[in-house]
Amino acid sequence: MSTSSSSPQRRKVTTRTLLDKKQRGEVITMLTAYDYPTALAVDQAGIDSILVGDSLGMVVLGYENTLPVTMADMLHHCRAVARGAKYALLVGDLPFMSYQVSAEQAMRNAGRFLQEAGMDAVKLEGGRERLDAIRAIVAAGIPVQGHLGLTPQSVHQLGGFRSQGRTATAARRLLEDALMLQDARCFSIVIESVPTRLAALVSQRLEIPTIGIGAGAGCDGQVLVTHDLLGLFDRFTPRFVKKYADLHGEIARALDTYQTEVRTGTFPRPEHTVDMPDEEWEAFLENVEGIG
Ligand code: KIV
């Protein structure tokens with residue numbers, strides 16, 4: 001079945017759709033977007049869910065990590081994405097320190113993503129230590145996606161962007177956290193950079209869908225940062241990223257050609273310019289004499 005935007009059967013994806021997909025054994029697709037054109041392209045491609053991730057701090061705003069990203073940054077980008085995507089389930093990422101202080105703060109900030117920025121759900125990082133916040137947000141009627149494993153907002157506590165769950169103790173803790181998030185009524189959990197067999201086991205144990213990034217094919221769905229997938233950078237990308245395009249190279253080539261054509265007078269050509277009727281030009285020239 002075609003998944004393009006022209007498909008007449010296409011319906012808005014909801015949290016229920018993702019659960020149904022898991023139950024039917026259909027893989028869920030998710031990608032990030034931070035602006036209108038990318039949201040439009042991802043939505044038209046038929047991707048199930050768009051994450052407006054705080055990764056935008058790194059891939060769009062040029063920060064070293066996601067910690068400087070603010071609520072204002074997130075809401076601004078969420079609004080642009082909401083204008084571009086009609087069908088995908090839209091998930092907004094709660095930024096660092098927007099949900100850690102208290103459950104009430106978490107609920108208020110989560111509410112802003114739906115009320116002011118057109119999101120359908122929010123995502124937040126962490127396990128058992130976030131249960132109060134998750135329960136409060138869910139109690140307000142807002143769907144929450146959890147995020148376990150490599151949680152980038154804890155980069156300093158983790159000692160860098162490192163894989164997680166690689167010891168028996170850490171693996172057990174991750175499974176326990178996943179079950180707790182499910183009990184707290186998260187609709188789904190992102191699992192980042194953990195061993196494939198651990199992510200697969202967690203996915204089998206949970207009724208809610210898992211979305212993996214660097215967690216292997218045993219998850220119920222996959223997510224990637226679209227800028228990484230499109231090769232928009234020539235800098236380091238994690239080993240779990242597959243580059244499906246080299247847009248950085250394409251952009252460099254286009255900019256080089258533009259520069260050469262402007263310098264050599266090949267651009268602009270008449271077809272890129274605006275003309276005016278000859279009689280108007282003649283009238284203009286007759287009157288221009290006395291000016292200046
Ligand atoms: O911020 C983000 O883009 C994310 C994904 C990497 C899951 O959290």
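Numbers for residues simply follow the sequence, beginning at 1. Remember, predicted model here, so these are calculated numbers, not experimental data. Atoms within a ligand are numbered from 1 in the order they appear, just like the ligands themselves.
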Does the side chain to side chain contact (heavy atoms under 4.5 Å, CB included) test come out yes or no for Arg128 and Arg173, once each step is laid out?
CA-CA 9 Å; Arg128 60 198 74 193; Arg173 189 176 167 88; 3.2 Å; yes
For residues 64-72, tabulate all N or O donor-acceptor pairs below 3.5 Å that involve a side-chain atom, not counting sequence neighbours.
| unit_1 | atom_1 | unit_2 | atom_2 | d |
| --- | --- | --- | --- | --- |
| Asn65 | OD1 | Leu67 | N | 3.0 |
| Thr70 | OG1 | Ala72 | N | 3.4 |
| Thr70 | OG1 | Asp73 | N | 3.0 |
| Thr70 | OG1 | Asp73 | OD2 | 3.1 |

Which pairs would a plain distance check flag for residues 28-41, meaning a side-chain donor or acceptor within less than 3.5 Å of a matching protein atom at least two apart in sequence or in another chain?
| unit_1 | atom_1 | unit_2 | atom_2 | d |
| --- | --- | --- | --- | --- |
| Thr29 | OG1 | Asp48 | N | 3.1 |
| Thr29 | OG1 | Asp48 | OD2 | 3.3 |
| Thr32 | OG1 | Tyr34 | OH | 3.2 |
| Thr32 | OG1 | Thr226 | N | 2.8 |
| Tyr34 | OH | Ser55 | OG | 2.6 |
| Asp35 | OD1 | Thr38 | N | 2.9 |
| Asp35 | OD1 | Thr38 | OG1 | 2.5 |
| Asp35 | OD2 | Thr38 | OG1 | 3.4 |

Expected rows: ligand 1 N/O, protein N/O, dist below 3.5 Å:
| unit_1 | atom_1 | unit_2 | atom_2 | d |
| --- | --- | --- | --- | --- |
| ligand 1 | 1 (O) | Asp54 | N | 3.2 |
| ligand 1 | 1 (O) | Asp54 | OD1 | 3.1 |
| ligand 1 | 1 (O) | Ser55 | N | 3.0 |
| ligand 1 | 1 (O) | Ser55 | OG | 3.3 |
| ligand 1 | 1 (O) | Asp93 | OD2 | 3.2 |
| ligand 1 | 3 (O) | Ser55 | OG | 2.5 |
| ligand 1 | 8 (O) | Lys123 | NZ | 3.0 |

Dump the intermediate steps for side-chain hydrogen bond (donor to acceptor under 3.5 Å, both in side chains) on Thr17 and Thr14, then the final yes or no.
CA-CA 5 Å; Thr17 318; Thr14 66; 3.1 Å; yes
Could you list the donor-acceptor pairs under 3.5 angstrom formed by side chains in residues 269-276, with sequence neighbours left out?
| unit_1 | atom_1 | unit_2 | atom_2 | d |
| --- | --- | --- | --- | --- |
| His272 | ND1 | Arg269 | N | 3.1 |
| Thr273 | OG1 | Pro270 | O | 2.7 |

With side chain to side chain contact (heavy atoms under 4.5 Å, CB included) as the criterion, how do Thr151 and Gln157 come out once you've worked through the C-alpha distance, each side chain's angles and the decisive distance to 0.1 Å?
CA-CA 10 Å; Thr151 45; Gln157 195 173 50; over 6 Å; no
